[in-house]
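What's counted below: heavy atoms across the whole structure, side chains too, no hydrogens, waters or symmetry copies. A note on names: the letters A, B, ... follow the listed sequences, proteins ahead of strands, and every chain is numbered from 1.
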Amino acid sequence: MCFLTNPKHIKGLLLAAKDKRTTIKIHALMIKTNLSTYRNFMGRVIASYASNYDIVSARKLFEELPQRGVDTFNAMIIAYSRKESPFEVLGLYNRMIKDGVKPDSSTFTVALKACVGLMDMEMGEEIWRKAVDFGYENDVFVGSSMLNLYAKCGKMYEATAVFDKMKRKDLVCWSSMINGFAVNRQPCEAVEIYRRMQKEGIEGDEVVIVGLIQACANLGDSRLWLSVHGYAIKRDLDFDVKVQTSLVDMYAKNGHLDLASHVFKKMSHKNVVSWGALISGFAQNGLVGSTLETLVEMQSCGFEPDSVSLMSALLSCAQIGLLKLGKSIHGYILRRFDFDQVLGTAVIDMYSKCGAPSCARAIFDQMESRDLISWNVIIASYGIHGHGKEALSLFLQMIETKQMPDHSTFASLLWALSHSGLVEEGQYWFDLMVSKYKIQPSEKHYACMVDLLARAGRVEEALQLIDSMNTEPGLAVWVALLSGCHNNGKLSVGEMVAKKVLELNPDDSGIHALVSNFFAMKEKWDEVAGVRKTMRNMRIKKVPGYSAVEVNGELHAFIMEDKSHHQFEDILNILKKLDREMRAIRCLPNTELCMV
DNA sequence: CCCGTTGCGG
C-alpha cells in the first residue's frame, strides 16, 4: 500500500470511490498508515462518504473535525441536498455564516434550492442578500436558483427582475422562466420568453420544450398544440419520456384522448408518470371505463399504481357510485401508502359521493392533518346529503382551527344551507363572506343565494340580489330563480325568467323540462309545445341522462325511458310505494320530471 | 452545485 503515502493518489482514489465499502476501505487504510497529511484529506473523506450515501458517517467525521473549510461544508450540504433534506442544508448554511466560513457559489446555489423545497421565500431573500454581499450577484448558478425560487413561489414579477439583471444567461435560466410562467398559468408570457430566447439565437432543449408544452396545455388553441408537438419532432426531442408525457397530458387535458392515447402508444419507454398522465386524463374527462381499464393494463405491464393513478380511480368511483371498488382501493392504499391528506381527501370524496357519508366523516375525523380541500370536501359531503346544519357546524369548526375558507368553501356551505332551507344562516354567511373574508361572490354563490331565497318563496328578494350583481347573471342564477318560481307559483316573474333561460340556449334537457313544466303550469300550451320540440331535437344529439347504483359489486344503470332492467317491475313497485308514503306526509313529488 | 413529465373540491 505504498501508494497511500502519495497524497495525490489518495485524492484520486477517494474521487473514484463508487460505493460505501470502497470509501470505508480507503479511510481505514489512511488511519492505519497514519498519514502525516491525513487531516488535510478529511474533507475528501467526508465528501466521499457523503456522495456514497453514508451521510451518517460523513456527518460524524464532520463533527469530529477541529475546523471546517468551505469545501467540507459544501460536501455535507450537497449530500443533504441530494437526500432532499432542506432543513439540514439550511442548518449547515447558517452554521457556516455563524462560524465565519465564506460560502461560495455552490453553497448559495444549494441553500436556495433548499428554500424551494420549503417554499420559504423569506429565507431565500436573506440568502440572496448575503450572496450579493459576497459578490455572487452575477453568478448564473446563484441567479438561476433565486429566480427559480421566485417562480416556484408564484412571484414571476420578482423572478423577471432577477432574470433581466443577469449578465449571462444559460439555458437553465431560460427554461426556469418558461416553466415558471407555464406553471403560474401565464402561458402567453411563457411563449414570449421563448421567442426572446430564439431571437438571441439560443435553441431550446427538451426541458424548454416541456415548459412550452405545459404552457400550451393551458391555451385553448389547437394549432398551438400541433405546432409545439411538431416543433418537438423537428428538434428530434419527441423521444424524451418527459416530453412525451407532457404531450399526453396536454392533449388529455384538452379532451383529445385519441391524440393522447396515440402519443402514449408510440412511447417506447413508459414509466408510472406517463401512465398517470393518461389515466388522469381519462378520469378528468369522465371516461370511467377507460380510466379503470388503463389502470388494470398498467398493472399487467408490471407497473405498480402510484397515488396519482389511484386518485384517478377514486375519482371514477365517485363519478358513478362504485362503492365496492372504491372501498377496495381504500384498502389497497392503507396497505401500501402513507395515508396522506391528499389521498385521504380523495377517499373521503369517494365515500361521500358513493352514498356513504358516515364513512367519509369517520376518515375525516381520523386524519392527522387537514388542509383547505379536505374541509371543503367534508362540508360539500353534508351539502350533497342535505344536512345543512352539520355542514354549518363543520364550517364553524374549520374557522376555529384557523383554516381560512375560500370561495369554494362558501360555495359548498351556501349550497348546503340552501338545500336545507336555512335562509337566515345563508344570508348571514353570504354577507360575511363578502365583508369579512373579502371574497367576491361568483356566479355559483349568487346561484346558491337565489336558490335559497326563491326556494323559500322570496322571489322579490332574489330579484333584488340579481340586480345587485356586478356581472351579467348567467344560466345558473336564472335556473335557480325559475325553479323557485315554479315551486311557489310565481307566475309573472317566472315568465320573464323562463324567457331569459331560453335566450341563453341551455344544452341541458333538464332545464328545458323545467321551462316546459313552468309553461304547463301557466297553461301556455304553445310555449310548452315549442320547448318540447327543442327537446326532441336535442335528444337526437345528446346522450340521455342516466343514474347508476352499485349493489353487491354489480352496476345497475338506469337510462332515461329505459325499462330493460331485469327487476324493473319490482323497482317500479317500490317507487310507487315510496311515492304513496311521501304523499301521505304531504311531500309532493313533481312527477313530470320523473321517468315513471 | 441551478431547470423539466401525472394528482384531492366547486
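The distance between the ring centers of A:F339 and A:H330 falls below 6.0 angstrom. In this structure, the ring of A:Y150 has its center no less than 6.0 angstrom from the ring center of A:Y157. In this structure, A:Y80 has its ring center at least 6.0 angstrom away from the ring center of A:F87.
Distance from the side chain of A:S144 is smallest for B:dC2 among the nucleotides B:dG4, B:dC2, B:dG7. Among the nucleotides B:dG7, B:dG4, B:dC2, the one closest to any side-chain atom of A:V243 is B:dG4. In the set B:dG7, B:dC8, B:dC3, the nucleotide with an atom closest to the side chain of A:D340 is B:dG7. In this structure, the nucleotide among B:dC8, B:dT5, B:dT6 sitting nearest to the side chain of A:L315 is B:dC8. With distances taken from any side-chain atom of A:D371 to the nucleotides B:dC8, B:dG4, B:dG7, the minimum falls on B:dC8. Closest approach to the A:F141 side chain among B:dC1, B:dT5, B:dT6 is made by B:dC1 (side chain taken as heavy atoms from C-beta onward).
The separation between A:F134 atom CZ and B:dC1 atom P is 23 Å, rounded to whole Å. If you take CH2 of A:W275 and C1' of B:dT5, they are 16 Å apart, rounded to a whole angstrom. Taking atom CG on A:D170 and atom C1' on B:dC3, their separation rounds to 9 Å, with Å as the unit. Between the CZ atom of A:F364 and the P atom of B:dC8 there is a distance of 19 Å, given to the nearest Å. The separation between A:K83 atom NZ and B:dC1 atom C1' is 19 Å, rounded to whole Å. Atom CD1 in A:I209 sits about 19 Å away from atom P in B:dC3, given to the nearest Å. Between the P atom of B:dC8 and the CZ atom of A:F339 lies a distance of 16 Å, rounded to the nearest Å. As a whole-Å value, the separation of A:L149 CG from B:dC3 P is 11 Å.
Between the CD atom in A:Q403 and the CG atom in A:D371 there is a gap of 7.0 Å [rounded to 0.5 Å].
The stretch residues 130-139 of chain A participates, sequence neighbours left out, in these side-chain hydrogen bond (donor to acceptor under 3.5 Å, both in side chains) pairs: A:S105-A:D139. Listed by first and then second residue, the salt bridge (charged side-chain N to carboxylate O under 4.0 Å, His left out) pairs involving residues 300-316 of chain A are A:E304-A:R336 (not counting sequence neighbours). A salt bridge (charged side-chain N to carboxylate O under 4.0 Å, His left out) check over residues 172-198 of chain A, counting only residues at least two apart or in different chains, returns the pairs A:D164-A:R196.
Listed pair A:K113 / B:dC3 meets the phosphate criterion, a side-chain N or O lying under 4.0 Å from OP1 or OP2. Between A:K353 and B:dC8 there is no side-chain polar atom (N or O) within less than 4.0 angstrom of OP1 or OP2. Listed pair A:Q284 / B:dC8 meets the phosphate criterion, a side-chain N or O lying under 4.0 Å from OP1 or OP2.
Counting any heavy atom pair closer than 4.0 Å across all strands shown, A:K270 reaches no nucleic acid atom. Base engagement by A:D306 is indicated by at least one non-hydrogen atom pair under 4.0 Å involving a base atom. Base contact: A:D406 has a heavy atom under 4.0 Å from a base atom. Residue-level contact check: A:S408 touches the bases, meaning some heavy atom is under 4.0 Å from a base atom. Contact annotation for A:I213: no contact, since no heavy-atom pair falls under 4.0 Å across all strands. Nucleic acid contact class of A:S105 (heavy atoms, under 4.0 Å, all strands): base. Nucleic acid contact class of A:T109 (heavy atoms, under 4.0 Å, all strands): base. Using a 4.0 Å heavy-atom distance criterion, A:S274 is classed as making no nucleic acid contact. Using a 4.0 Å heavy-atom cutoff across all strands shown, A:D240 reaches at least one base atom of the nucleic acid. A:Q214 comes within contact range of the sugar-phosphate backbone alone, with a heavy-atom separation under 4.0 Å but no base atom that close. The residue A:K169 sits apart from the nucleic acid: no heavy atom pair falls under 4.0 Å. Heavy atoms of A:V342 sit under 4.0 angstrom from at least one base atom.
Applying the ring-ring contact (aromatic ring centres under 6.0 Å, His included) rule to A:H256 yields the partners A:W225; only residues at least two apart in sequence or on another chain are considered. Residues forming a ring-ring contact (aromatic ring centres under 6.0 Å, His included) with A:F181 (at least two apart in sequence, or on another chain): none.
Side-chain to base pairing of A:S176 with B:dC3: no donor and acceptor N or O lie closer than 3.5 Å to each other. For A:T345 against B:dC8, a side-chain N or O and a base N or O form a donor-acceptor pair under 3.5 Å.
For DNA chain B, runs of at least 3 consecutive pairs of the Watson-Crick or G-U wobble type, with both hydrogen-bonding distances under 3.5 angstrom, are absent.
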